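Comments concern the structure below.
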Amino acid sequence: MKIKMLLPLVFVAIAAPALADDGMAIIKRDCVTCHNISGPAPQTLKEVWNLKGPNLAYAGNKYREAWLVSWLQKPQRIRPAGEFYGNHIKIGDKHDVVDEATLKDHMVLSKADATAVAHELMELKQHDDLIAQEKLEPGTGSKMMGEMMFDKFLGCMACHRIEPDYGGLSGPEVYTASRRLQPQFIASFIRNPQAWEPKTWMPNKHVSDANLQKLVYYFDALAAGEGNGK
Ligand code: HEC
Ligand code: HEC
């Protein structure tokens, strides 16, 4: 008798999450061939070298949801040499150059799929602990001072572009970082890149709290700037 009474309830419980799961179904079908969504970050250089796409296992700690929704509908390259960059760079006369022929366009999602997928990606929060450590004050900073620090004092520009054609090739462009990324993630990744990606090439420069804050403001200023092409 009791079982009969319970049946309708069980039905509701199964039916409701089925809709919300659509985004995860798409991710499991279309994304996991190239992106890690659950495991730990690569622990060996071989794993890094074999990466076909950036790690999304902590997407919810990293991205802005609105940016994910729009990027997935209209993906544009963020890493000049894709992922993993070592596989897409050839030795040029003076500098290394990107071997464009080896880079493929990213798959495009419909608005409905992008919205569902972004929603699910925002649930992936492997590193709430690291995010909780970042205490950022709202404010603004000087673009010129930020650039001095980014380029001259900390040497970040060797790997990152601060304008579409200005800067290094191995890391993601930073002139769109503020639009893409949560400020706490930016601060935390610079504070300790290896806490997020144990085998990343990005060095830990032991940036002080005050300077982390200035870098976050600098990226805001860059993203708000004219002529950054995005
Ligand atoms: C064939 C491999 C491949 C597949 C399949 C793929 N991606 Fe990607 N994805 C990449 C590569 C490579 C990049 C780096 C693009 C760049 O910046 O040049 C990327 C970048 C991204 C980014 C931006 C991340 C960042 O910080 O640079 C997101 C978000 C993303 N993919 C989500 C998805 C989702 C969601 C799916 C499934 C619907 C998917 N991808 C399917 C290879 C793939
Ligand atoms: C040797 C090259 C290198 C240097 C130098 C470097 N980075 Fe990076 N950086 C990277 C790579 C590569 C990534 C992508 C993370 C990964 O996949 O390993 C990255 C990621 C980042 C991210 C996250 C961006 C995103 O879109 O995910 C920020 C922010 C960043 N770096 C800022 C800095 C700052 C600030 C400095 C200077 C203190 C710096 N980087 C120095 C290579 C470098």
Side-chain angles (χ1 to χ4, degrees), residues 23-37 41-42 45 48 51-56 58-59 61-65 67-73 75-88 98 100 102-110 113-122 124 146-147 149-162 167-194 196-208 211-212 214-216 218-219 222:
M24 192 41 86
I26 297 170
I27 294 171
K28 289 192 170 148
R29 191 188 63 213
D30 295 337
C31 318
V32 296
T33 43
C34 297
H35 293 283
N36 167 24
I37 59 157
L45 289 181
V48 172
L51 280 179
K52 295 204 186 85
N55 188 359
L56 298 179
Y58 46 78
N61 295 130
K62 175 173 180 178
Y63 299 106
R64 294 179 184 269
E65 185 167 358
W67 176 82
L68 280 176
V69 173
S70 69
W71 191 86
L72 289 169
Q73 296 173 73
Q76 285 172 298
R77 209 167 293 292
I78 296 162
R79 296 151 207 266
E83 184 88 331
F84 171 68
Y85 73 88
N87 291 320
H88 303 286
V98 179
E100 298 278 352
T102 64
L103 293 174
K104 299 193 187 76
D105 288 340
H106 197 271
M107 69 187 295
V108 174
L109 300 189
S110 68
D113 285 358
T115 306
V117 163
H119 186 77
E120 289 300 322
L121 289 176
M122 294 307 290
L124 305 178
E147 191 165 317
M149 193 158 63
F150 195 77
D151 183 7
K152 301 276 184 300
F153 304 147
L154 296 173
C156 317
M157 222 165 87
C159 300
H160 292 283
R161 287 184 169 178
I162 61 168
L169 297 173
S170 54
E173 63 192 30
V174 292
Y175 53 93
T176 55
S178 287
R179 269 181 252 159
R180 294 185 284 112
L181 309 172
Q182 298 170 32
Q184 284 81 1
F185 170 81
I186 295 178
S188 178
F189 197 90
I190 301 168
R191 182 189 300 282
N192 188 353
Q194 284 70 28
W196 293 86
E197 292 293 334
K199 290 293 171 191
T200 182
W201 266 248
M202 176 160 154
N204 183 340
K205 297 269 184 175
H206 303 284
V207 182
S208 68
N211 283 341
L212 279 174
K214 283 184 194 151
L215 285 167
V216 170
Y218 169 55
F219 294 146
L222 275 182

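Worth saying up front: this structure is predicted, and the values here are computed from it rather than measured. Just follow the structure's listing: the first ligand is 1, and inside any ligand the first atom is 1.
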Output the list of atoms in ligand 1 that are nearer than 4.0 Å to some heavy atom of [X], sorted by atom number.
{"X": "Cys31", "result": "34 (C), 35 (C), 36 (C), 37 (C), 38 (C), 39 (C), 41 (C)"}
{"X": "Ile78", "result": "16 (C), 17 (O), 18 (O), 27 (O)"}
{"X": "Lys52", "result": "10 (C), 11 (C), 12 (C), 42 (C)"}
{"X": "Tyr63", "result": "24 (C), 25 (C), 26 (O)"}
{"X": "Val117", "result": "35 (C)"}

To the nearest 0.5 angstrom, please state how far the [atom1] atom of [X] sits from the [atom2] atom of [Y].
{"X": "Arg180", "Y": "Lys62", "atom1": "CZ", "atom2": "NZ", "answer": "7.5 Å"}
{"X": "Leu72", "Y": "Met107", "atom1": "CG", "atom2": "CE", "answer": "9.0 Å"}
{"X": "Met122", "Y": "Asn61", "atom1": "CE", "atom2": "CG", "answer": "8.5 Å"}
{"X": "Glu147", "Y": "Tyr218", "atom1": "CD", "atom2": "OH", "answer": "4.5 Å"}

What atoms in ligand 2 come closer than 4.0 Å to a heavy atom of [X]?
{"X": "Ser170", "value": "12 (C)"}
{"X": "Phe150", "value": "34 (C), 35 (C)"}
{"X": "Phe189", "value": "15 (C), 19 (C), 20 (C), 21 (C), 22 (C)"}
{"X": "Cys159", "value": "1 (C), 2 (C), 3 (C), 4 (C), 5 (C), 42 (C), 43 (C)"}
{"X": "Trp201", "value": "1 (C)"}
{"X": "Pro203", "value": "3 (C), 4 (C), 5 (C), 6 (C)"}
{"X": "Thr200", "value": "15 (C), 16 (C), 18 (O)"}
{"X": "Lys62", "value": "27 (O)"}

Where the closest heavy atom to [atom] is concerned, which of [options] has it?
{"atom": "atom 40 (N) of ligand 2", "options": "His160, Arg79, Met149, Glu197", "result": "His160"}
{"atom": "atom 32 (C) of ligand 1", "options": "Val32, Leu72, Leu121, Ile27", "result": "Leu72"}
{"atom": "atom 26 (O) of ligand 2", "options": "Arg191, Lys199, Arg180, His206", "result": "Arg180"}
{"atom": "atom 2 (C) of ligand 1", "options": "Pro75, Ala118, Cys34", "result": "Cys34"}
{"atom": "atom 5 (C) of ligand 1", "options": "Ile26, Leu68, Asp30", "result": "Asp30"}

With heavy atoms under 4.0 Å as the rule, classify the contact between [X] and ligand 2 as side chain, backbone, both or neither.
{"X": "Leu181", "result": "side chain"}
{"X": "Pro54", "result": "neither"}
{"X": "Cys156", "result": "both"}

Return yes if some donor-acceptor pair links the side-chain N/O of [X] with the main-chain N/O of [Y] below 3.5 Å, else return no.
{"X": "Arg64", "Y": "Leu181", "answer": "yes"}
{"X": "Gln73", "Y": "Ser110", "answer": "no"}
{"X": "Ser208", "Y": "Asn211", "answer": "yes"}
{"X": "Asn204", "Y": "Arg191", "answer": "yes"}

With a 4.5 Å heavy-atom cut-off, do [X] and [Y] have their side chains touching?
{"X": "His160", "Y": "Met202", "value": "yes"}
{"X": "Trp71", "Y": "Ile78", "value": "yes"}
{"X": "Leu124", "Y": "Tyr58", "value": "no"}

Query raised in the report: Within less than 4.0 angstrom of ligand 1, does Leu56 place any heavy atom?
Result: yes
Query - Parallel, tilted or perpendicular, as decided by the 30° and 60° cut-offs, for the rings of His106 and His35 - result: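 Plane angle between 30° and 60°, so tilted.
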Query raised in the report: Using 30° and 60° as the class limits, which term best fits the ring planes of Phe185 and Trp196: parallel, tilted or perpendicular?
Result: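 The rings of Phe185 and Trp196 stand perpendicular, inter-plane angle above 60°.
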Minimum heavy-atom separation for [X] and [Y], please, with both atom names.
{"X": "Thr33", "Y": "Asp30", "value": "OG1-O, 4.1 Å"}
{"X": "Thr115", "Y": "Val69", "value": "OG1-CG1, 3.8 Å"}
{"X": "Pro193", "Y": "Pro203", "value": "CG-O, 3.7 Å"}

Query raised in the report: Taking atom 8 (Fe) of ligand 1 as the vertex, how big is the angle to NE2 in His35 and NE2 in His106, rounded to 10°?
Result: 170°
**Report entry** Non-hydrogen atom of Ala177 closer than 4.0 Å to ligand 2
**Finding:**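 Flag not set, Ala177 not near ligand 2.
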Query raised in the report: Would you say Lys205 has any N or O atom under 3.5 Å from an N or O of ligand 2, going by distance alone?
Result: no
Query - Contact partition for Met107 relative to ligand 1, non-hydrogen atoms under 4.0 Å - result: side chain
Query raised in the report: Got a sec: is Met202 within less than 2.8 Å of atom 8 (Fe) of ligand 2 via an N/O/S atom?
Result: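 Short answer: yes, at least one N, O or S atom is under the cut-off.
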